[in-house]
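Indexing begins at 1, ligand by ligand and atom by atom, following the structure's order.
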Amino acid sequence: MGEDPASRVYVRNKERACEECGIYSEKYALPEETTQEELLGLIDTLNNKTSISGILVQLPVPKHIDEKTIINAIAPNKDVDAFHPVNVGKIMVGNYDFLPCTPAGVMELIKESGIDVEGKECVVVGRSNIVGKPQAMLLLHQNGTVTICHSKTKDLAAKTKNADILVAAVGIPNFIKGGMIKEGAVVIDVGINRLENKKLCGDVEFETAEKIAGAITPVPGGVGPMTIAMLMKNTVKAAIINKSK
Ligand code: L34
């Protein structure tokens with residue numbers, strides 16, 4: 001909804017991924033002026049449309065729309081973002097259908113790189129509902145020892161320097177410097193920041209961090225594409241779950 005230029009790129013990438021996977025998709029590019037009632041009406045239509053297995057409202061939504069109301073309106077069995085409180089609760093107790101795409105993508109990168117989370121010091125910088133909080137929970141499920149840091153954390157560098165696995169999800173360009181990282185640590189950069197020169201950069205200062213880290217993800221080409229891959233996975237799962245209904 002609206003004119004967010006980054007959202008336009010991400011949604012286009014999602015459409016393209018659907019095509020590549022052979023997933024049927026519908027895109028509704030709603031104008032900024034659309035009312036909350038109209039958006040809720042569309043969600044209700046899609047909730048009841050049997051040809052649709054998964055629904056996603058790309059965030060951020062314009063200021064006159066209440067994000068929580070929108071997330072709550074999506075049928076939990078079609079909530080391929082796993083943002084609905086029912087799905088958030090299921091993740092908390094470890095009995096879930098969908099994982100949120102970005103944290104799940106981070107876990108997949110860790111797993112595919114042969115990194116064992118068990119017993120590791122994991123530090124998540126950022127506590128958003130869509131990344132930081134669920135990321136911490138997924139690392140905990142893999143028996144990591146998890147610390148969540150945020151804007152009020154005292155002596156952040158001491159915390160990040162203790163991390164075997166460091167996940168940066170703060171949304172501040174180049175916030176984590178090489179000097180804040182432990183030698184050999186796994187550094188995962190969730191941030192996608194657009195600089196004034198239009199260049200993309202992460203929350204980690206890559207040039208200094210790559211010299212210290214044992215493994216590190218780039219921006220672009222790191223977590224972003226994994227977010228989309230996990231959306232495809234959730235959508236296939238939703239199709240299977242909803243087929244029997
Ligand atoms: N509802 N809103 C909802 N679900 C989501 O899972 C998202 N997110 C975040 C923003 N809002 C959302 C995304 O889709 C972030 N995000 C996302 C998706 C794709 C990419 C980045 C973020 C991506 O494709 N990144 C590319 C670069 C793209 C570019 O050129 O800007 C990369 O290589 O990182």
Side-chain angles (χ1 to χ4, degrees), residues 1-21 23 25-30 39-40 42-43 46-47 52 54-63 65-76 78-85 87-88 91 98-109 126-135 138 167-174 187-204 206 216-235 237-238:
M1 221 186 130
E3 295 300 319
D4 188 284
S7 290
R8 199 173 300 165
V9 175
Y10 304 156
V11 169
R12 198 193 308 126
N13 291 349
K14 290 174 182 186
E15 270 189 299
R16 200 173 296 150
C18 284
E19 280 167 28
E20 282 170 14
C21 295
I23 295 174
S25 75
E26 295 177 359
K27 180 175 84 179
Y28 299 85
L30 303 180
L39 177 56
L40 289 172
L42 175 58
I43 292 170
L46 297 173
N47 279 342
I52 295 294
I55 304 167
L56 176 154
V57 178
Q58 188 72 17
L59 302 176
V61 284
K63 279 194 206 49
I65 303 287
D66 182 54
E67 186 181 295
K68 280 201 174 71
T69 302
I70 299 310
I71 289 171
N72 285 332
I74 296 172
K78 295 192 177 185
D79 171 34
V80 285
D81 269 329
F83 292 168
H84 190 287
N87 290 321
V88 174
I91 293 161
F98 309 118
L99 290 176
C101 301
T102 299
V106 169
M107 297 312 290
E108 199 67 25
L109 282 170
R127 55 168 153 184
S128 69
N129 286 329
I130 72 171
V131 184
K133 280 191 223 171
Q135 188 69 68
L138 301 193
V167 181
V170 270
I172 303 172
N174 300 319
V187 178
I188 298 172
D189 192 350
V190 176
I192 302 193
N193 308 292
R194 254 153 247 269
L195 302 178
E196 275 176 34
N197 62 9
K198 297 255 158 101
K199 266 189 77 169
L200 289 182
C201 91
D203 292 348
V204 177
F206 191 85
I216 185 166
T217 63
V219 177
V223 172
M226 291 304 295
T227 296
I228 295 180
M230 294 301 108
L231 176 64
M232 299 301 110
K233 180 178 172 174
N234 281 347
T235 305
K237 192 158 188 195

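With Val223 as the partner, the side-chain contact (heavy atoms from CB on, under 4.5 Å) test is satisfied by one option alone out of Thr102, Val167, Val131: Thr102.
Side-chain atoms of Asn174 and Asp203 include no donor-acceptor pair closer than 3.5 Å.
In this structure, Ser25 has no side-chain hydrogen bond (donor to acceptor under 3.5 Å, both in side chains) partners at least two apart in sequence or on a different chain. Lys14 meets the side-chain hydrogen bond (donor to acceptor under 3.5 Å, both in side chains) test with Gln58; sequence neighbours excluded. For Pro85, the side-chain contact (heavy atoms from CB on, under 4.5 Å) partners at least two apart in sequence or on another chain are Ile71, Asn72.
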Quiz item: side-chain contact (heavy atoms from CB on, under 4.5 Å) between Phe206 and Ile216: does it pass, once the steps are laid out?
Solution: CA-CA 8 Å; Phe206 191 85; Ile216 185 166; 3.7 Å; yes
Could you check ligand 1 for N or O atoms lying under 3.5 Å from protein N or O atoms and list the pairs with distances?
| residue | atom | partner | partner atom | Å |
| --- | --- | --- | --- | --- |
| ligand 1 | 1 (N) | Val57 | O | 2.8 |
| ligand 1 | 1 (N) | Asp81 | OD2 | 2.7 |
| ligand 1 | 2 (N) | Leu59 | N | 3.0 |
| ligand 1 | 4 (N) | Asp81 | OD1 | 2.9 |
| ligand 1 | 4 (N) | Asp81 | OD2 | 3.4 |
| ligand 1 | 11 (N) | Gln58 | NE2 | 3.2 |
| ligand 1 | 11 (N) | Leu59 | O | 3.0 |
| ligand 1 | 14 (O) | Lys14 | NZ | 2.6 |
| ligand 1 | 24 (O) | Asn13 | ND2 | 2.9 |
| ligand 1 | 31 (O) | Arg194 | NH2 | 2.7 |
| ligand 1 | 33 (O) | Gly221 | N | 2.6 |

